[in-house]
There are 2 protein chains.
Amino acid sequence: MEQVRRGRPRAFDANEALEQALVVFWEHGYEGASLALLTEAMGISRKSMYAAFGNKEELFLKVLQRYEAGPGAYVRQAVGAPTARAVARAYLEGAVRAGTQPGRPAGCLGVRAALSVGVTGQTVQDVMTSWRAESQAGLRDRFQRAVDEGDLPADADPDVIARYLTTVADGVSVQATGGASPAALQHVVEVALRHWPPA
Amino acid sequence: MEQVRRGRPRAFDANEALEQALVVFWEHGYEGASLALLTEAMGISRKSMYAAFGNKEELFLKVLQRYEAGPGAYVRQAVGAPTARAVARAYLEGAVRAGTQPGRPAGCLGVRAALSVGVTGQTVQDVMTSWRAESQAGLRDRFQRAVDEGDLPADADPDVIARYLTTVADGVSVQATGGASPAALQHVVEVALRHWPPA
DNA sequence: CGGATTCTGCACCGATCGGTGCGAAATCGA
DNA sequence: TCGATTTCGCACCGATCGGTGCAGAATCCG
């Protein structure tokens, strides 16, 4: 796996640079994050960035992977919860926590970036769309399993429940971006989960 | 009110031009809507646009007023509904309808534009923020009145209910932008309104 | 000590950004 | 008809966009 290093070694840590790029994309969206902003935050020159990550689009995709494994991990973790209700709670509370972390941009990178992509980033647009679709499908499948196992009533609609939860989570992200406090959003989550199953 | 027209008359209808600008801003957000896109859609030259509307920022603010009076009118109309529950239904169904109108960009101009504004449009950012705050305050006041009138239980929290509904509406807008169908979003609304009051 | 290879800094590319200067065209009151 | 006034089309402004050419610096293997 580890290649023999030849030539001049790079003078920066790729992971650290990706972390800084993540913050910039998170804060400004895909198109709003200019090369000047990105390279300044990453502490490297344009040329080093292109040599290490390809181009802006590939950099964003790598950042997206990093986000998925870090702040956005709650999505995958939620479906592992033991009951359908616990899944819903983990998912929504994860959205609140990820969207209101101190020292990090507010809201969800996925929501913020997806809504601000123009014609320039068609590939990015497609990736974000399929990513969101996958998350929702994951929830749907999990709730279908809950129906099969009797954890949810037989007449419950996994598709609608999944859609409802992702909608609330999206709203939480928008609210967080607008400056809503974690406490206020936690209240929203309590309301959304007060009655279960919701459908 | 009507001034005496002197000099060469303009060769376009200002309202029609604003309508086209609305679509472009709605589709591309504030910063994503370039002068080239805007003027092409409006069918006028850059110079005519600046003479008629000032600059890009003022144009957007005028477009925002137009949106508020048109597709976004459901927000003000909702609080006029006779009962708290009818207010909530009118608000959420209005968000679905406005966000999935055929022949128009998906989602809510407010949400789409607000999330994609960068450092360039600080004024626009502030306006959008206060606009969203006003909408939420309007709902909160309406629910407070409902509590006072006995339409909602005395222990209901108007602030939380308003926050919950705006969060769901924001989520509906995000989902609509992502291509969700009106029917799917209507199901979400039914789930959100199934139990009342929610808090 | 070579070359071979890789990374870095700087200057630069064409394209596009929001915004303007200028002169011609079109309408007014007189 | 004649200025005064306003709009219009075109070309252009400096700034910034994402991306690159090039020369030198730093490391490898031999």
Side-chain angles (χ1 to χ4, degrees), chain A residues 2-18 20-21 24-25 27-63 113 116-125 127, chain B residues 2-18 20-21 24-25 27-63 113 116-125 127:
Chain A
E2 190 66 23
Q3 288 284 44
V4 182
R5 292 293 193 183
R6 290 215 317 202
R8 177 174 174 174
R10 61 169 55 126
F12 63 94
D13 179 63
N15 279 328
E16 183 59 32
L18 272 182
Q20 301 307 320
V24 176
F25 276 123
E27 179 87 40
H28 298 90
Y30 175 66
E31 301 193 310
S34 69
L35 264 297
L37 248 58
L38 286 165
T39 54
E40 187 187 8
M42 300 165 84
I44 66 179
S45 71
R46 276 167 153 74
K47 212 73 221 288
S48 300
M49 195 281 278
Y50 277 90
F53 305 108
N55 57 22
K56 185 180 178 180
E57 187 172 295
E58 293 181 40
L59 174 66
F60 180 79
L61 296 180
K62 290 188 175 72
V63 159
S116 66
V117 181
V119 277
T120 313
Q122 191 56 52
T123 306
V124 171
Q125 181 85 277
V127 170
Chain B
E2 192 65 23
Q3 288 283 41
V4 182
R5 291 293 191 184
R6 291 214 317 203
R8 177 174 174 172
R10 59 169 56 128
F12 63 94
D13 179 63
N15 279 328
E16 182 61 30
L18 271 183
Q20 301 307 320
V24 175
F25 276 123
E27 179 87 39
H28 298 90
Y30 175 67
E31 301 193 310
S34 69
L35 264 298
L37 249 58
L38 286 165
T39 54
E40 187 187 6
M42 300 165 84
I44 65 180
S45 70
R46 275 169 153 74
K47 211 75 223 283
S48 301
M49 195 280 278
Y50 277 90
F53 304 107
N55 57 22
K56 185 180 177 180
E57 188 173 296
E58 292 181 41
L59 174 66
F60 180 79
L61 296 180
K62 290 189 175 71
V63 159
S116 66
V117 180
V119 277
T120 314
Q122 191 55 54
T123 307
V124 171
Q125 182 83 278
V127 169

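As the structure is a computational prediction, the values presented were derived from the model and not from experiment. Just so we're on the same page: letters track the sequence lines, and every chain starts at 1.
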Determine whether Phe25(A) and Leu38(A) make a side-chain contact, defined as any pair of heavy atoms from C-beta on separated by less than 4.5 Å. yes
Residues passing the side-chain hydrogen bond (donor to acceptor under 3.5 Å, both in side chains) test with Glu31(A), sequence neighbours excluded, are Thr120(A)
Which residues pass the side-chain hydrogen bond (donor to acceptor under 3.5 Å, both in side chains) test with Gln125(B), not counting sequence neighbours? none
Gln20(A): partners by side chain to side chain contact (heavy atoms under 4.5 Å, CB included), with sequence neighbours left out: Glu16(A), Ala41(A), Met42(A)
Separation between CG of Leu35(A) and CZ of Arg46(A), rounded to the nearest 0.5 Å: 5.0 Å
If you walk 5' to 3' along DNA chain C, what is the first nucleotide with an atom under 4.0 Å of a heavy atom in chain B, and what is the last? dC17(C) to dC28(C)
Nearest heavy-atom contact between Ser116(A) and Ser116(B) is CB-CB, 3.5 Å
What pairs of nitrogen or oxygen atoms, one from the protein and one from nucleotides 27-30 of chain D, lie under 3.5 Å apart?
none

Which pairs of donor and acceptor atoms, one on a side chain in residues 48-57 of chain B, lie under 3.5 Å apart (sequence neighbours left out)?
| from | atom 1 | to | atom 2 | distance (Å) |
| --- | --- | --- | --- | --- |
| Ser48(B) | OG | Ser45(B) | OG | 3.2 |
| Asn55(B) | OD1 | Glu57(B) | N | 3.3 |
| Asn55(B) | OD1 | Glu58(B) | N | 2.9 |
| Lys56(B) | NZ | Tyr30(B) | O | 3.0 |
| Lys56(B) | NZ | Ala33(B) | O | 2.8 |
| Glu57(B) | OE2 | Thr123(B) | OG1 | 3.4 |

With the side chain counted from C-beta on, respond yes when Val24(B) and Val63(B) share a heavy-atom pair under 4.5 Å apart, and no when they do not. no
Residues from residues 38-56 of chain B lying under 4.0 Å of DNA chain C - heavy atoms: Arg46(B), Lys47(B), Tyr50(B), Asn55(B), Lys56(B)
